[in-house]
Trainee: 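If you scroll down you'll find the structure; I have some questions about it.
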Amino acid sequence: MSEFNVQKSIKAQEEYCKRTGAPHFAPSSGVCWKCNKNIYNPHEKAVLDGKHYFSGITTEKAASELITGCPHCYRTYCD
C-alpha cells in the first residue's frame, strides 16, 4: 500500500523541485487554499462494488512528480 505522510511528502516535493529545477506550486503546508484539505492525506471519493477509492498524493508521488493542483477539488496551483 502507498504511504500517505504529510511531513515526508512536503519534504519530498521540495526536494523534487530542487533536484529537477521545477517551480514549486504545491502549498507549503500541504493544505489546499480552495478546499482546505491536505493534498498529502487520503480522502475517500467513492465506493463502487465494495471497493473504496481515495484521492490524495502519496509520498512516492510527491518524490517523483511535480504537483500542480489539488487531487481533491482539482484546483490548479499554476494559474
Side-chain angles (χ1 to χ4, degrees):
M1 184 172 160
S2 298
E3 178 182 27
F4 288 96
N5 182 302
V6 173
Q7 294 306 316
K8 284 183 182 179
S9 297
I10 290 170
K11 182 89 171 138
Q13 182 64 183
E14 289 172 357
E15 290 173 359
Y16 173 83
C17 290
K18 285 179 187 173
R19 183 176 70 251
T20 63
H24 190 217
F25 295 117
S28 60
S29 66
V31 177
C32 175
W33 60 266
K34 175 79 172 155
C35 69
N36 293 315
K37 293 179 182 172
N38 197 299
I39 64 173
Y40 302 117
N41 277 332
H43 290 277
E44 190 170 66
K45 286 296 225 186
V47 180
L48 300 172
D49 296 326
K51 184 169 173 146
H52 297 260
Y53 293 89
F54 295 88
S55 62
I57 298 170
T58 64
T59 301
E60 293 82 8
K61 185 173 180 178
S64 62
E65 297 178 29
L66 180 62
I67 307 304
T68 60
C70 180
H72 309 303
C73 71
Y74 308 111
R75 179 69 178 134
T76 182
Y77 298 138
C78 51
D79 279 351

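Values in this document were obtained by computation on a predicted structure and should not be read as measured data.
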Trainee: Compare every heavy atom of A63 with every heavy atom of R19, then report the nearest pair and how far apart it is.
Mentor: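 R19 and A63 have their closest heavy atoms at NH2-O, 3.0 Å.
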
Trainee: Would you mind reporting whether L66 and Y16 have side-chain heavy atoms less than 4.5 Å apart?
Mentor: yes

Trainee: To check you understand the geometry: which heavy-atom pair defines the closest contact between V47 and H52, and what is its length?
Mentor: CG2-ND1, 3.4 Å

Trainee: Do side-chain atoms of E3 reach the backbone of S9 as a donor and acceptor pair under 3.5 angstrom?
Mentor: no

Trainee: Check whether any side-chain heavy atom of Y40 sits under 4.5 Å from a side-chain heavy atom of K8, and report yes or no.
Mentor: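 Side chain of Y40 against side chain of K8, heavy atoms only: no contact under 4.5 Å found.
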
Trainee: Is it the case that the side chain of H72 and the backbone of N38 share a donor-acceptor pair, with hydrogens and angles ignored and the cut-off at 3.5 Å?
Mentor: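 Yes; judged by distance alone, with no hydrogens or angles, the pair exists.
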
Trainee: Are the side chain of R75 and the backbone N or O of W33 linked by a donor-acceptor pair below 3.5 Å?
Mentor: no

Trainee: For the residue pair F4 and N41, what are the closest heavy atoms and their distance?
Mentor: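 Smallest heavy-atom distance, with atoms named: CD2-C, 4.2 Å.
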
Trainee: SG of C78 to NE2 of H24: how many Å apart, nearest 0.5 Å?
Mentor: 12.5 Å

Trainee: Side-chain contact, heavy-atom cut-off 4.5 Å: E14 with I10?
Mentor: yes

Trainee: Can you tell me how far apart OG1 (T59) and NZ (K61) are? Round to the nearest 0.5 Å.
Mentor: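 Atom-to-atom, T59:OG1 and K61:NZ are 12.5 Å apart.
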
Trainee: Let me confirm one number: the CZ-OG1 distance from F25 to T76, rounded to the nearest 0.5 Å.
Mentor: 8.0 Å

Trainee: Flag the pair C32 / C73 as yes when at least one side-chain heavy-atom distance between them is below 4.5 Å, and no otherwise.
Mentor: yes

Trainee: If you look at every heavy atom in P71 and S55, which pair is closest and at what distance?
Mentor: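 Smallest interatomic distance, heavy atoms only, reads O-CB, 3.3 Å.
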
Trainee: With a 4.5 Å cut-off on side-chain heavy atoms, are T68 and Y77 touching?
Mentor: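 Result no, sub-4.5 Å side-chain heavy-atom pair not found.
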
Trainee: Under a 4.0 Å threshold between the charged nitrogen and the carboxylate oxygen, would E15 count as salt-bridged to K11?
Mentor: yes

Trainee: Same cluster for I39 and V6 if Ile/Leu/Val/Met/Phe/Trp/Tyr side chains link at under 4.5 Å?
Mentor: yes

Trainee: Search all heavy atoms of Y74 against all heavy atoms of K45 and return the closest pair with its distance.
Mentor: OH-CE, 3.6 Å

Trainee: Between L48 and Y53, is any pair of side-chain heavy atoms under 4.5 Å apart?
Mentor: yes

Trainee: Side chains of C70 and C35: closer than 4.5 Å at any heavy-atom pair?
Mentor: yes

